[in-house]
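What follows is one structure encoded as structure tokens, with my remarks underneath.
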Amino acid sequence: MYLYSGIYQFFAPTLVITDPDLIKQIAVKDFDHFVDHRTFASEDIDPLWATHLFTLIGQRWREMRATLSPAFTSSKIKYMFSLISQSGEQFVNHFLRKNEDLITVEMKDTFTRFTNDVIANTAFGVECDSLEEPNNEFYLMGKEVTNFGGVSIALKFIAFVTIPKLCKILNITLFSQKVATFFTRVVKSNIESREKHGIVRPDMINLLMEARKSGMTHEEAEHDAGFATAQESELVKSTKTRKLELTDQDITSQAIGFFFAGFESVSTLMCFMTYELGLNPGIQERLIQEVDETLEACDGKLTYEAVSGMKYMDMVVSEVLRKWPNTVAVDRVCTKPYTIEPKTPNEKPVHLEKNSAIWLPIMGLHRDPQYWPEPDRFDPERFNEENKTKINPYTFLPFGAGPRNCIGSRLALLETKTLFFYILSHFEIVPVEMTQIPLQLSRKTFSMTAEKGFWLGFKRRVKV
Ligand code: HEM
């Protein structure tokens, strides 16, 4: 029997699918019927929001995804490693300069500054140090783009869904005019100065400019073995004849989209990772040992290959993403009528009309004891070589599923592993007086975060 249930999102009936086989059917096998996310705002209401990859629909999404995918393969992410590593060193140096043995830190604010600097550097070609210059313009604008903590974004999402026509009449956009103008100006001047001076930098603007010049073709993508899924590779091949013209606005919109998708999510992952390491000293000790061995093996200078080869680090990050998937659920919209055929004679078929909404409940699956025994226990061994092979991939979906999965997953993992490598080379993470134990999730914010903040300590390691 298939497992699913129904809920209402305001007036929209929504099918919540909890069955891994059915998730695979919808997200992968019959993806053609479920290509889109629910749209919140059309292009005429908010062009910058409506034209980035997450919100594009149908054929335009296919073409944009095929155009952008080559920029996110392993070989291209490797290209950005030097920029990420530079931000990681900058982060740790900030705390090393403090000359204190134990530094109490609110991790959410701190990691948000780090992810800001990485996205500014890798997506916009702008170098900033938001720990040393807390009020730099880029950070303030980024906060405004992703101000999930405030009610205004949540209210705007609700308004877009329930009263789209009124939003258009009142000219309500998700991104304020100030934010739109700022990012448009940054990208435009960046492109102009690179074209004028022939500047090449290992970042996303460069990759998008290459995609536009067709310097990077879809044929090149075919030869790159690093696709997240075979379906994604197929999608790129099937779209390769339709080359997309990227305008400056497209590039700006994608860059803002990466900011929006990557700034908050990665810092959230880092916060939960700090919390779990602080509360599980045995696991942290083993990770520190791997960090020290890796540092020695690469003669004190971290490389992309070294960080990617850290097996225990990978197990720890995977377990954080399982226990605390920051995207609690993802949606799909039925784009062509579809029937879920019964698995057994006692079941009835389910007919889905065009535009029916579907939810894939990631958090529910990740905490389901039938797939993850003792789901509230933090145990990276679930992802060791032996156990990993037994995991049903449709019960572990931190980055979604199928061709519409997260395009930035490799970048997110690389950022996290690199930063924790640098932190643990110098510090141990410890609970402090203000650490909330057990952690309670906030009910006030749109994104998943701790009720009382993520207060933990960086304790300087005594090296023998
Ligand atoms: C820990 C960090 C991250 C998590 C947990 C995460 C999670 C997700 C999830 C669950 C989705 C929806 C997938 C689906 O519908 O099946 C998604 C989509 C997306 N993510 Fe991420 N993400 C992260 C980091 C990033 C970063 C760093 C970037 C960009 C640089 C990024 C860019 C995107 C984009 C553009 C999409 C839309 C893809 C499409 O519709 O084709 N994400 N992400």
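In what follows, residues are counted from 1 in the order of the sequence shown. Indexing begins at 1, ligand by ligand and atom by atom, following the structure's order.
- Here the side chain of Trp324 pairs no donor or acceptor atom with the backbone of Thr268 at under 3.5 angstrom.
- For Phe183 and Phe124, the distance between ring centers is under 6.0 angstrom.
- A ring-centre distance under 6.0 Å is not found for Phe378 and Phe272.
- With a 4.5 Å cut-off on side-chain heavy atoms, Leu424 and Gln284 count as touching.
- At least one heavy atom of Ala401 sits closer than 4.0 Å to an atom of ligand 1.
- By the 4.0 Å N-to-carboxylate-O rule, Lys108 lies close enough to Glu264 to be salt-bridged with it.
- Close approach to Leu269 involves these atoms of ligand 1, each under 4.0 Å from a residue heavy atom: 1 (C).
- Nearest to atom 36 (C) of ligand 1 among the protein's heavy atoms is Phe54 CD1, 3.7 Å.
- At a 4.0 Å heavy-atom cut-off, ligand 1 touches His37 through the side chain alone.
- Atoms of ligand 1 lying under 4.0 Å from any heavy atom of Thr327, numbered from 1 in the order shown and given with element: 7 (C), 10 (C).
- The nearest heavy-atom contact from the protein to atom 2 (C) of ligand 1 is Ser265 OG, 3.5 Å.
- Judged by the shortest distance from any of its heavy atoms, Arg332 lies inside the 4.0 Å radius around the atoms of ligand 1.
- Taking a 4.0 Å cut-off on heavy atoms, Phe259 fails to register as neighbouring ligand 1.
- With a heavy-atom cut-off of 4.0 Å, Asn326 touches ligand 1 through its side chain alone.
- The Leu411 neighbourhood of ligand 1 comprises atoms 30 (C), with distances under 4.0 Å to a heavy atom of that residue.
- Taking the six-membered ring for Trp and the full ring otherwise, Tyr422 and Phe114 have centroids separated by 6.0 Å or more.
- The distance between the ring centers of Phe111 and Phe454 does not fall below 6.0 angstrom.
- Arg201 has a carboxylate O that lies under 4.0 Å from a charged side-chain N of Glu127, or vice versa, which qualifies the two as a salt bridge.
- Summary of contacts: the protein heavy atom closest to atom 11 (C) of ligand 1 is Cys406 CB, 4.1 Å.
- Less than 4.0 angstrom separates some heavy atom of Arg65 from each of these atoms of ligand 1: 38 (C), 39 (C), 41 (O).
- Using the six-membered ring where Trp is involved, Phe427 and Phe95 have ring planes that are perpendicular, over 60° apart on the 30 and 60° scheme.
- Which parts of ligand 1 touch Trp61 is read off a 4.0 Å heavy-atom cut-off, strictly below it: atoms 39 (C), 40 (O), 41 (O).
- Regarding atom 4 (C) of ligand 1, its nearest protein heavy-atom neighbour is Phe399 CE2, 3.4 Å.
- Assignment of Gln254 to the shell around ligand 1 is not supported, since no heavy atom sits closer than 4.0 Å.
- Close contacts of ligand 1 with Gly400, meaning ligand atoms under 4.0 Å from a residue heavy atom, involve 10 (C), 13 (C), 14 (C), 16 (O).
- Judged purely by atom type and a 3.5 angstrom limit, Ser267 uses its side chain to pair as donor or acceptor with the backbone of Phe263.
- The protein non-hydrogen atom at the shortest distance from atom 12 (C) of ligand 1 is Val330 CG1, 3.7 Å.
- Considering Arg404, Met80, Arg410 only, the shortest heavy-atom separation from atom 40 (O) of ligand 1 involves Arg404.
- Each of Phe396, Tyr394, Tyr371 was checked for a ring pair (Phe, Tyr, Trp, His ring centres under 6.0 Å) with His366, and the lone residue meeting it is Phe396.
- The nearest protein atom to atom 28 (C) of ligand 1, hydrogens excluded, is given as Gly408 CA, 3.7 Å; this is a heavy-atom distance.
- Taking atom 31 (C) of ligand 1 as the reference point, the nearest protein heavy-atom neighbour is Ala261 CB, 3.6 Å.
- Within the listing of ligand 1, atoms 5 (C), 7 (C), 10 (C) sit less than 4.0 angstrom from a heavy atom of Pro398.
- The aromatic rings of His37 and Phe54 sit parallel, their planes meeting at an angle under 30°, below the 60° perpendicular limit.
- Checking side-chain atoms of Gln254 against main-chain N and O of Ala123 turns up no donor-acceptor pair under 3.5 Å.
- No side-chain heavy atom of Asp117 sits less than 4.5 Å from a side-chain heavy atom of Phe91.
- Per-residue contacts place Ile407 under 4.0 angstrom from the following atoms of ligand 1 (heavy atoms of the residue considered): 34 (C), 35 (C).
- Counting only heavy atoms of the protein, atom 26 (C) of ligand 1 lies nearest to Gly262 CA, 3.5 Å.
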